[in-house]
Amino acid sequence: MPDATLKNAPTACDPVTLEIVRGAVRAAQAEMEALIERTAISAFIREKKDFYTALFDADGIMAVGSNLPVFGDICGPVFRDFPPDTMRPGDLYWYNDCYGSRGAISHSNDQVLLAPVFHDGRRCGFVMGWAHFSDIGGLRAGSISPDTTDIFQEGIIVPPTKLIDGGVTNEMALKIFFRNSRFPEQNMGDMRALMASATLGVRRIEEIAGRFGTDVLADGLRQLVARTRNLVRTRLAETFAYGTHRFTDAIDSDGHGNGPFHLRLALTREHGPGGEDRFIFDATATDDQSPGPVNLLLNPDVPGTALSMFYLGGGPAQVCNGGGPQALDEVRLREGSLLWPKFPAPLGMRGLTLMRFLAAVNGLINVAGGKAPAAHSAYVISFLRGTFRNDKGELEPFLMSDGIGVGWGARPYADGTDAVYFVAQENYPVEFLESGYPVRLRTYGILVDSCGAGRYRGGCGIVREYDILAQEAVLAVRIASVKNPPWGIGGGMAGGSGRVVVNPGTNHERVLAPLSDGNVLKHGDVLRIETGGGGGHGHPFDRPPEMVAEDVAGGFVTAEAAQRLYGVALADGAVDKAATARLRAERPATKAFHRHAYVDSLG
């Protein structure tokens, strides 16, 4: 039901001013992110862009956030220990406590800074900076490893802490944090960048409040939240008929010999007591938590945020904010499950499960008759740790934390995107890798035939091949969707799987386990990483032959796959129309989904 307050309440912020306020806040957010990017030290922030910012209203409701479907209740953990009415200008709060925040932070490397904003003595909002720190202690360099068995092995845990009290920084708290890192200088630089971003955000929001007044700003932020909530609820009602809709998907393993683990999602639309719609998201049937670090502590706000990201569709006038979670009337999770594990279960590799959860949300929309994409692969993570000889001939430790792009699912109207890591994050450039780490890239490009075939093909993954120049190195790797590749839909076929190979094509070739640590590499080894592709959408025989020929010419599809999967024959790079007609005369039958074979259900 639409929010009555948006329709009936007096508005201090008129429609024109609302768009100006929205643009001003978005500009402040972008400026905060630019500051982080330009001043952070670690590669994962500076080059990978693993950071986010957001603005909250005076009550801690996210009003303007980044287009990232994993935000939970960021302010609640701070408010629990530091009531908002006790805050004052110049304060800054910090935490990374996953369980203490109920999954607002879902692995310990992510640090959150939250600052209140005041104007004329009145609290008018909060600004947030969030970034992934490369090493915070724990079992292995990088603080993330498939080998971990509890969260204490994943680095230092910081509960909500007042880092700055009225302008005075708690330097001892920072010293304790830095002391727990193998690379403290990086963390010092990254923390200063994050702190500076929060300071900049406070100043910009103060300026906006001074320009428009606190009442207009407060009403504008309220309207933005209500607008998102109403739009998402309208779209939910258009997609989901009354009753319960279900979708099941699975991840392969936890790296400890366990799995597969099934994610079982349901969304129910029912009539409320007053005849209004109620939308209930239920994941209680999901399998039990894992011994290994693939557990996802799913903050109850995340399902609504994920749904809102699909329905907002990236429209420039729409805003990702707390209206998404408000669109759901209830979220049900089961303690002890993969999506709501019990403390102190490990969480470091939760991105694997998060990506499959987001694909399952797309599946839930699709089974209800919506038009969501096919499944995507989970971005690949690798940690190369070891020593190299510096310019002085001395052995120096290094940590190359990398995330590598994958193929995303085809849409009902377009191909999936190729070689994307996650949302707005980026792949490391070759020049940066070679200048910053003891590796030399032999190959970096699209992994041919990794895309799921379809009327619209899935996105392709990446192939990277490195010469190892380090004296010694140990590799940890996370590749998902090997046994359960990304599903295709509507006749589209599943995306390809990834793999990691050492010394490919030689007598010393060895294929590494897709979720493993402790893989020893030596100077002169060749490391090849292949990432998976996205599922296809629609029958491959419906893809125009000319588009298939372009895919072959562009290195996305081989001529053999064009003939076998798409029924397209090529001669000297051009479509052989007669041979193609013969091939397509025998059109394979399909079912709702494809994973290894066509099936009616993945459950």
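Just so we're clear, the structure is a prediction, and the values are computed from it rather than from any experiment.
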Undergrad: So Cys460 and Leu447, do their side chains get closer than 4.5 Å, heavy atoms only?
TA: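 Answer no - side chains too far apart.
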Undergrad: Do Asp449 and Thr558 pass the side chain to side chain donor-acceptor pair (under 3.5 Å) test, and can you show the C-alpha distance, the side-chain angles, and the key distance before you say yes or no?
TA: CA-CA 6 Å; Asp449 285 342; Thr558 61; 2.7 Å; yes
Undergrad: With sequence neighbours left out, write down each residue that passes salt bridge (charged side-chain N to carboxylate O under 4.0 Å, His left out) with Glu530, or none if nothing qualifies.
TA: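 Glu530 satisfies salt bridge (charged side-chain N to carboxylate O under 4.0 Å, His left out) with Arg499, Arg528 once adjacent residues are dropped.
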Undergrad: Taking C-beta and beyond as the side chain, do His539 and Pro588 meet within less than 4.5 Å on heavy atoms?
TA: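 Side-chain contact under 4.5 Å: yes.
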Undergrad: Just list the side-chain donor-acceptor pairs under 3.5 Å for residues 352-360, sequence neighbours left out, or say none.
TA:
residue: Thr353; atom: OG1; partner: Val294; partner atom: O; Å: 2.5
residue: Arg356; atom: NH1; partner: Asp249; partner atom: OD1; Å: 3.3
residue: Arg356; atom: NH1; partner: Ala250; partner atom: O; Å: 2.7
residue: Arg356; atom: NH1; partner: Asn484; partner atom: O; Å: 3.2
residue: Arg356; atom: NH2; partner: Ser481; partner atom: OG; Å: 2.6
residue: Arg356; atom: NH2; partner: Asn484; partner atom: O; Å: 3.2

Undergrad: Can you tell me which residue pairs pass the side chain to side chain donor-acceptor pair (under 3.5 Å) test with a partner in residues 145-157, sequence neighbours excluded?
TA: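 Listed once each, the pairs are Arg140-Asp147, Ser145-Asp517, Thr148-Glu154, Thr149-Gln153.
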Undergrad: Which pairs, with at least one residue in residues 357-373 and sequence neighbours excluded, count as a side chain to side chain donor-acceptor pair (under 3.5 Å)?
TA: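 Those involving residues 357-373 do not exist here.
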Undergrad: Can you measure from CD1 (Ile404) to CD1 (Ile529) and round to the nearest 0.5 angstrom?
TA: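 Rounded to the nearest 0.5 Å, the CD1-CD1 separation comes to 4.0 Å.
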Undergrad: Answer yes if the ring centres of Tyr466 and Tyr437 are under 6.0 angstrom apart, and no otherwise.
TA: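 No, the ring centres sit 6.0 Å or more apart.
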Undergrad: Keeping the roles fixed (side chain from Asn295, backbone from Ser290), state whether a donor-acceptor pair exists under 3.5 Å.
TA: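 Answer holds: yes.
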Undergrad: For Tyr99, what residues pass the ring pair (Phe, Tyr, Trp, His ring centres under 6.0 Å) criterion, not counting sequence neighbours?
TA: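 Here the qualifying residues are Phe343.
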Undergrad: Kindly say whether Arg102 contributes a backbone atom to a donor-acceptor pair with the side chain of Asn299 at under 3.5 angstrom?
TA: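 Flag set: sc Asn299 to bb Arg102 pair under 3.5 Å.
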Undergrad: Between Asn109 and His132, is there a donor-acceptor pair closer than 3.5 Å when you use the side chain of the first and the backbone of the second?
TA: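 The answer is no, because no donor-acceptor pair under 3.5 Å joins these two groups.
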Undergrad: Should Trp408 and Val406 be marked as a side-chain contact (heavy atoms from CB on, under 4.5 Å) after you check the CA-CA gap, both sets of side-chain angles, and the distance that decides it?
TA: CA-CA 7 Å; Trp408 286 67; Val406 295; 3.8 Å; yes
Undergrad: Can you measure from NZ (Lys591) to CG (Asp600) and round to the nearest 0.5 angstrom?
TA: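 The CG atom of Asp600 is 5.0 Å from NZ of Lys591, to the nearest 0.5 Å.
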Undergrad: Show every side chain to side chain donor-acceptor pair (under 3.5 Å) that has at least one partner inside residues 413-423, sequence neighbours left out.
TA: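 Qualifying pairs: Asp415-Arg543, Asp418-Arg457.
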Undergrad: Tell me whether Asp50 contacts the main-chain N or O of Phe44 through its side chain, where contact means a donor paired with an acceptor under 3.5 Å.
TA: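 Pair absent, no side-chain N/O of Asp50 close to backbone of Phe44.
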Undergrad: Between Asp282 and Arg264, is the closest basic N to carboxylate O distance under 4.0 Å?
TA: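 No, no charged N to carboxylate O under 4.0 Å.
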Undergrad: Measuring only between side-chain heavy atoms, which start at C-beta, is Phe51 closer than 4.5 Å to Glu33?
TA: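 Yes; the side chains approach each other to less than 4.5 Å.
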Undergrad: Mind checking whether Phe79 and Asp81 have side chains closer than 4.5 Å, heavy atoms only?
TA: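 Contact flag for Phe79/Asp81 side chains = no.
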Undergrad: From Leu339 CG over to Gln289 CD, what is the distance, rounded to the nearest 0.5 angstrom?
TA: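 Rounded to the nearest 0.5 Å, the CG-CD separation comes out at 11.0 Å.
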Undergrad: Where the side chain of His376 meets the backbone of Gly495, is there a donor-acceptor pair that is under 3.5 Å apart?
TA: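 No; judged by distance alone, with no hydrogens or angles, the pair does not exist.
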Undergrad: Would you please name every residue forming a ring pair (Phe, Tyr, Trp, His ring centres under 6.0 Å) with Phe398, sequence neighbours left out?
TA: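 Here no residue qualifies.
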Undergrad: Does some side-chain heavy atom of Ile36 sit less than 4.5 Å from a side-chain heavy atom of Thr53?
TA: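 With C-beta onward as the side chain, the pair touches.
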Undergrad: Taking atom CG of Leu236 and atom CD1 of Ile365, what is their separation to the nearest 0.5 Å?
TA: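 The CG atom of Leu236 sits 8.0 Å away from the CD1 atom of Ile365.
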Undergrad: For the pair Asn96 (side chain) and Asp110 (backbone), establish whether a donor and an acceptor sit closer than 3.5 Å, ignoring hydrogens and angles.
TA: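 No, the answer is negative, given that no donor and acceptor are paired below the 3.5 Å cut-off.
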Undergrad: Which atoms form the tightest heavy-atom contact between Cys320 and Thr305, and what is the distance?
TA: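 Taking Cys320 first and Thr305 second, the nearest heavy atoms are SG-CG2, 4.3 Å.
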Undergrad: Considering non-hydrogen atoms only, spot the tightest contact between Gly491 and Pro540 and give its length.
TA: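 Result for this residue pair: O-CD, 3.3 Å.
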Undergrad: Should Ser377 and Thr531 count as side-chain neighbours, where that means a heavy-atom distance under 4.5 Å?
TA: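 Ser377 vs Thr531: side chains apart.
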Undergrad: Could you tell me which non-hydrogen atom of Pro303 sits nearest to which non-hydrogen atom of Val331, and how far apart they are?
TA: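 So the two residues come closest at CG-CG1, 4.1 Å.
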Undergrad: Which heavy-atom pair separates Pro260 from Asp287 by the least distance, and what is that distance?
TA: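 Closest approach of Pro260 to Asp287, heavy atoms only: O-OD2, 3.9 Å.
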Undergrad: Measuring only between side-chain heavy atoms, which start at C-beta, is Ser382 closer than 4.5 Å to Leu475?
TA: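 A side-chain contact exists here, since the closest heavy-atom pair is under 4.5 Å.
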Undergrad: Rounded to the nearest 0.5 Å, what separation is found between the CZ atom of Arg246 and the CG atom of Leu265?
TA: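 Rounded to the nearest 0.5 Å, the CZ-CG separation comes to 11.5 Å.
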Undergrad: Please determine whether side-chain contact (heavy atoms from CB on, under 4.5 Å) holds for the pair Ile61 and Gln326, giving the CA-CA distance in whole Å, both sets of side-chain angles, and the decisive distance to 0.1 Å.
TA: CA-CA 10 Å; Ile61 298 172; Gln326 291 179 9; 4.0 Å; yes
Undergrad: Go through the structure and list residues passing salt bridge (charged side-chain N to carboxylate O under 4.0 Å, His left out) with Arg182, not counting sequence neighbours.
TA: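 With sequence neighbours excluded, Arg182 shows a salt bridge (charged side-chain N to carboxylate O under 4.0 Å, His left out) to Asp135, given in chain and number order.
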Undergrad: Could you tell me whether the side chain of Arg595 and the main chain of Pro485 form a donor-acceptor pair under 3.5 Å?
TA: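 Yes, the answer is positive, given that a donor and an acceptor are paired below the 3.5 Å cut-off.
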Undergrad: Compare every heavy atom of His537 with every heavy atom of Ala374, then report the nearest pair and how far apart it is.
TA: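 Here Ala374 and His537 meet closest at N-CD2, 4.4 Å.
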Undergrad: Tell me the closest heavy-atom pair linking Asp73 and Gly76, and the distance in Å.
TA: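 So the minimum-distance heavy-atom pair works out to OD1-N, 3.0 Å.
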Undergrad: Of the options Trp130, Tyr95, Trp94, which is the one that meets Gln111 in a side chain to side chain donor-acceptor pair (under 3.5 Å)?
TA: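 Of Trp130, Tyr95, Trp94, side chain to side chain donor-acceptor pair (under 3.5 Å) with Gln111 is met by Trp94 alone.
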Undergrad: Would you mind listing every side chain to side chain donor-acceptor pair (under 3.5 Å) that reaches into residues 333-347, with sequence neighbours excluded?
TA: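 Sorted pair list: Asp288-Arg334.
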Undergrad: Could you work out, with salt bridge (charged side-chain N to carboxylate O under 4.0 Å, His left out) as the rule, every residue matching Asp525, not counting sequence neighbours?
TA: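 In terms of salt bridge (charged side-chain N to carboxylate O under 4.0 Å, His left out), with neighbours along the sequence ignored, Asp525 is linked to Lys522.
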Undergrad: List in chain and number order the residues that pass side-chain contact (heavy atoms from CB on, under 4.5 Å) with Ala419, two or more places apart in sequence or in another chain; answer none if no residue qualifies.
TA: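 Ala419: side-chain contact (heavy atoms from CB on, under 4.5 Å) contacts with Ile446, Ile462.
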Undergrad: Does some side-chain heavy atom of Leu384 sit less than 4.5 Å from a side-chain heavy atom of Asp402?
TA: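 The answer is no, as the side chains (C-beta and beyond) never meet within the 4.5 Å cut-off.
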Undergrad: Among residues at least two apart in sequence or on other chains, which ones pass salt bridge (charged side-chain N to carboxylate O under 4.0 Å, His left out) with Arg46?
TA: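 By the salt bridge (charged side-chain N to carboxylate O under 4.0 Å, His left out) rule, Arg46 matches no residue at all.
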